Amino acid sequence: MKLRGRFTLALALAALVPIAIAAVVTRQVIVSSSRDDYESLRRSTFDAMTREVGHAETDMFKVTRALASPDNPFIANLAHEVAKSGNHLSPQVADSFYDRRDLERNAVALDELTIIGPDSGGVPNGVLVGHSRGSPKPEIRRLANLTNGARAYFAYHTLWDDRGGKTEALLVESTALSVDRSAPELSLAFMADRRIDDDLLEIVRRTDLIDARVVLAKDNRVILPPHSPEQWASLAKEEPLRIPLPDADDKAVAFIEIAVGDRNLQGVLEQTTLVSAVLALVAFGGVVLIGLLVARRTARDLEKLVEGSLAAARGDLDHRVPVRSQDEIGAVASAFNFMMEDLRTSKERLVIAERIAAWQEIARRLAHEIKNPLTPIQMAMDTLRKSWRKQHPSFTEILEESTTTVLQEADRLKHIVTEFSDFARMPKPEFGRVDVNDLVRGSLSLYQGAVPVEAKLAESLPTIDADKNQLNQVLLNLVENARDAISQRVDPTTGHIAVSTKLGEAADRVMLTVEDNGPGVPTELKDKVFAPYFTTKHSKGGTGLGLAIVHRIVSDHGGRITISDARGGGARFTIEIPLRNGTALLASRI
C-alpha cells in the first residue's frame, strides 16, 4: 500500500475511534434518559393508582360511618322499629325501610346496603334491610366487629339487583356498628358495597402508553379487562405493576395490574443507532475525504522528491524539486535542492580530480607499457653498436637478431598505441532494436567446436534499445576472458562456459550472464578488473583494456556490469541492460 493509502487509512482509523465513542456515548445518554423517563412514568402511574384506590377506600369508609351514626334519622327510626317489634320487622315496615334505603343508597351512590339486627327474638343476626331479609348474616356482624368501621376493604361476591338478579363483581366494602345509646343491646350492623368498575382505572388511562386491568388473586382471572387487549400485549413487555386490593383479613382478593409502555424505547434506540450510524458515516467520509486531499498533496510533494532522487541517480544534478509550502515537506525539498547544488559542485570538482587522476594513471601505465619494449630495443641497439665497433665476426647474425628484436618491440609499441587510440576514440552507441537471444546465437556460432560454450536463453525475451555491434564486442570479450580462465585448469578439457539470458525481476531490463569454471577472480582484485590497463596477463601481451571497454559500453547503454563467484568455482559476469534507452535501472528497485 502506498503512503497515500496508509496515511488515509491511519487518519480514518484514528477518527473512527472518537466517532464511534461519541456515537456510543450519545446512544447511552439517550437510552439512560429514556429509561429514566420510563421509570419515572412507572412510579408516577403507580402512585396515582395507589392514591385512587386510597380515595375509594376513604370515600367508602366515610359513607358507612355517616350511615351508622346514631344521629342519622334513618338509623334512629330503624332502631326504634326494631325495639318496638322485638327485633322482628313486619314485611310492610321492612319494605318501607327498604324503599327509604333505596333513596339513601342512591343519595350516597351505593350499590347495596345491608343492615342486620341483633341476635335476639329467634332471628340471629337476621337481615333487616337488604336482600334475603330475615336470613341470618353473622359474617356481617363479624366483619363489623373485626374492622369496627376503621377501614374499608375489597371483596368479590354476588350483587343483587332490584328484580332479584345477581352478578359477580369486585366491590369496595365497609362495615360498621350502630349502637343506640338508649338501647345498646339492640346494636345494628351495616355493610355498604360499591362496585369497582372501569372508572377506577381511568385515572391512569390518560395516554396510549398506559393501560390497566384487574385480576383475581386466586386464579389471575381478568375481571376488569384493559382498555385494549392488543395494546396491553404491546405495553406489557416488562412485568406489569401490581397494586393489591386487600380483603377484611388483609389478604389480597384481587390485583390492579398496570402496564406502562416504554415510549417505544426499542424504536428510539433503533432510530438513534441509525442516526448515529449515518452521522458516523458522514463524519468518517468527511475525514476520509480530508485525509485523501492531505495525503494527495503530501504524496505529490513526496513523488517530486522521488523524481529528484531518480534524477540524482541518473546523474542529472541540475534537476530541482519545486518548493510548494513552508512546512516540513517544503523544508525537505529545499534541503534536497541545496544537496543537489552541492553535489553538482562537488561532482564538477570530482570529475576534474578524477580526470587528472585517470590521466595520471593512464600516463603511468602507458609509460610502463612503453618502457617494457624500449628496454630490449635499447639493449639490441647497444649490442649491435658494440659488435660493429669491434668488427665482430658474427656481426651479420647479431645484426639479424637485433633488428628482429627491434621490429618486434616496435610492433608491440604500435599495438599499445593503437589500443589506446581505439579506447580513447570509442564511438557513442547507435541504438536500435536488438534481440539479445539472436545476438548470443550469432556470437557463439564462432566458437562451435572450439570452445565448450553452453547457451541458456530465456523464451519470449523482449527486444532492447542497444548498439548491436558494441554488445557483440562485449559478449566476445567476456567469452574470450572465460576461455583464457578455463585454460588455466589442471585439465583444460573439463572447462565449461555458460552464457544465459533472462528478463529481470522488475520486467524493465534484460540480464546477460557469462560464467566459467576457471580459477575465478580473487576478492581483492574484483574492484580493479574494470580499470583501464589493469591486467593479469602481461605474459600473454594483455593491455588491460578489454574489461575497461566492456564496462564503458555497458555504461553507455545505461546498464551495469557486476562480477561474482560462480557456484562451482570460477567467475560470473552479469550485465543488466534496460529495455528502453534512458530508463534508470534504479527506478524499478524503489
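Owing to the predicted nature of the structure, the values given are computational and were not obtained by experimental measurement. We count residues from 1, following the sequence as given.
Counting heavy atoms from C-beta outward, K386 and M381 have side chains that stay 4.5 Å or more apart. Contact check for L384 versus F395: side-chain heavy atoms found under the 4.5 Å cut-off. Under the 4.5 Å side-chain criterion, counting only non-hydrogen atoms from C-beta, L446 is not in contact with V479. Side-chain contact between I464 and L471 is present, with at least one heavy-atom pair separated by less than 4.5 Å. Looking only at side-chain heavy atoms (C-beta outward), I549 and Q473 come within less than 4.5 Å of each other. Counting heavy atoms from C-beta on, the side chains of N481 and N477 never come closer than 4.5 Å. Residues V529 and V521 have side chains in contact (heavy-atom distance under 4.5 Å, counting atoms from C-beta outward). Residues W232 and P240 meet the side-chain proximity criterion, which asks for heavy atoms closer than 4.5 Å.
Smallest separation of non-hydrogen atoms from S443 and L475: CB-CD2, 3.5 Å. Scanning both residues, S387 and I398, for their nearest heavy atoms gives OG-CD1, 3.2 Å. Listed here is the closest heavy atom pair of G558 and P578: O-CD, 3.6 Å. Looking at every heavy atom in both residues, A380 comes nearest to V406 through CB-CG2, 4.0 Å. Scanning both residues, P519 and A485, for their nearest heavy atoms gives CD-O, 3.2 Å. Here the closest heavy-atom approach between residue P462 and residue V510 is recorded as O-CG2, 4.0 Å.
Using a distance-only test at 3.5 Å, with no hydrogens or angles considered, a donor-acceptor pair links the side chain of T404 to the main chain of E400. Between the side chain of T494 and the backbone N or O of D491, at least one donor-acceptor pair lies under 3.5 Å. Between the side chain of S487 and the backbone N or O of D484 there is at least one donor-acceptor pair closer than 3.5 Å. Proximity of a side-chain donor or acceptor of H557 to a complementary backbone N or O of D467 within less than 3.5 Å is detected.
Atoms OG and CG, on S228 and D211 in that order, are 7.0 Å from each other to the nearest 0.5 Å. The structure places CG of L413 at 5.0 Å from CD1 of I377, a figure rounded to the nearest 0.5 Å. Taking CG of L503 as the reference point, atom CG of D508 lies at 8.0 Å (rounded to 0.5 Å). Taking CD1 of I575 as the start and NE2 of H551 as the end, the distance is 10.5 Å to the nearest 0.5 Å. With values rounded to the nearest 0.5 angstrom, R560 atom CZ is found 4.5 Å from E576 atom CD. Atoms CD and CG, on E454 and L444 in that order, are 11.0 Å from each other to the nearest 0.5 Å.
Partners of R489 by salt bridge (charged side-chain N to carboxylate O under 4.0 Å, His left out), not counting sequence neighbours: none found. Legend: residues meeting side chain to side chain contact (heavy atoms under 4.5 Å, CB included) with E39, ordered by chain and number and at least two apart, are R35, R42, R43. D565 is linked by a salt bridge (charged side-chain N to carboxylate O under 4.0 Å, His left out) to K526, counting only residues two or more places apart in sequence or in another chain. T45 pairs by the side chain to side chain contact (heavy atoms under 4.5 Å, CB included) definition with L41, V204, I210, I258, V260, not counting sequence neighbours.
For residues 513-525, the set of pairs meeting the side chain to side chain donor-acceptor pair (under 3.5 Å) definition, not counting sequence neighbours, comprises E515-R572.
Counting non-hydrogen atoms of neighbouring residues, nucleotides and ligands closer than 6.0 angstrom, the CD atom of Q391 exceeds 12 such neighbours. Within 6.0 Å of atom CD in E238, more than 12 heavy atoms from other residues, nucleotides or ligands are found, so the atom counts as buried in its surroundings. Within a 6.0 Å sphere centred on CZ of R580, other residues, nucleotides and ligands contribute more than 12 heavy atoms.
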Report all side-chain donor-acceptor pairs from residues 429-440 shorter than 3.5 Å, counting only partners two or more places apart or in another chain.
| from | atom 1 | to | atom 2 | distance (Å) |
| --- | --- | --- | --- | --- |
| R433 | NE | T463 | OG1 | 3.3 |
| R433 | NH1 | D465 | OD1 | 2.2 |
| R433 | NH2 | T463 | O | 2.8 |
| R433 | NH2 | T463 | OG1 | 2.8 |
| D435 | OD1 | N437 | N | 3.0 |
| D435 | OD1 | D438 | N | 3.4 |
| N437 | OD1 | T501 | OG1 | 2.8 |
| N437 | ND2 | A458 | O | 2.8 |
| D438 | OD1 | R441 | NH1 | 2.8 |

